[in-house]
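Scope of the values below: all heavy atoms of this structure, side chains included, with no hydrogens, waters or symmetry mates.
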Amino acid sequence: TLKWGLGNVTSIDGIQLSANGVIYLRVADARLFNAEVVQGAVAMAEVDLQRFLMPRVQGVLRTVLAKWAALDLQAQRDLFSTAVKQSLGETFGAMGIAIVDFEVVDVNFPPEFKAIIAQAAMAGHAGRAALIEAQTKAQMVQLEAAAAANAYLLNGSAQSQVMAQLQAQGIEWVRIDLNL
């Protein structure tokens, strides 16, 4: 397990950010690992391995991070992790090390950028809420219109039935419209 951290990297869209996470490694080729990393030492502590590998990790991470837009880093961490694993895989492969997994724990953005992201998200939510409200109102108007049409139809049907019954009894029915 190798913890990594990186600060003050400018994304492709000009946002200063930092990130940290964990890389899970294993020795894939003991001969290469011994020749390139251990280099004949009798023992190698984990902290020594960290010191040896970190400059390489940071170099690759700086290059890969600089190719991404800030929002894409936030939204597509899995793709970013895959890109880093591929880039580091080449570097570490030459040292006999294989990457088992690469994890991004956190990507830190400037507070101003976070505020803008939050504002854009809230505007999107407000827009969706307004759309849902408009759709609901339109459905209510349609239901009210259908109810009014149905009532008008039922009223006309009832008047027709009354007229038919009156005519069946021999009574002439005359409708007088007093709306002048």
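Both Val107 and Leu79 are members of a single hydrophobic cluster when ILVMFWY side chains are connected at heavy-atom separations under 4.5 Å. Ile12 and Val64 fall into different hydrophobic clusters, where Ile, Leu, Val, Met, Phe, Trp and Tyr side chains are chained together by heavy-atom contacts under 4.5 Å. One hydrophobic cluster, built from ILVMFWY side chains closer than 4.5 Å, cannot hold both Val105 and Val60; they sit in different ones.
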Could you give the side-chain donor-acceptor pairs of residues 23-49 under 3.5 Å, partners two or more places apart or in another chain?
| unit_1 | atom_1 | unit_2 | atom_2 | d |
| --- | --- | --- | --- | --- |
| Asp29 | OD1 | Arg31 | N | 3.1 |
| Asp29 | OD1 | Leu32 | N | 3.3 |
| Gln39 | NE2 | Glu36 | O | 3.0 |

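No side-chain heavy atom of Thr91 sits less than 4.5 Å from a side-chain heavy atom of Val57. Leu2 has its side chain within reach of Gln50: a pair of non-hydrogen atoms, C-beta onward, lies under 4.5 Å apart.
The side chain to side chain contact (heavy atoms under 4.5 Å, CB included) with Trp68 is formed by just one residue from the set Leu71, Asp72, Leu65; it is Asp72.
In this structure, Phe102 and Phe80 have perpendicular ring planes: the angle between them is above 60°, well past the 30° mark.
Panel note: side chain Thr10, backbone Gly14; no donor-acceptor pair is recorded below 3.5 Å. Looking only at distances, a side-chain donor or acceptor of Asp13 sits under 3.5 Å from a matching main-chain atom of Ala70.
Atom CG of Asn8 has 12 or fewer neighbouring heavy atoms from other residues, nucleotides or ligands inside a 6.0 Å radius.
Looking at every heavy atom in both residues, Val104 comes nearest to Arg77 through O-NH1, 3.6 Å. For Lys3 against Met54, the heavy-atom pair with the smallest separation is O-CE, 2.9 Å. Nearest heavy-atom pair, Ile99 versus Gly89, reported as atom, atom and distance to 0.1 Å: CD1-N, 3.6 Å.
Separating the CG atom in Leu17 from the OG atom in Ser11 is a distance of 5.0 Å, to the nearest 0.5 Å.
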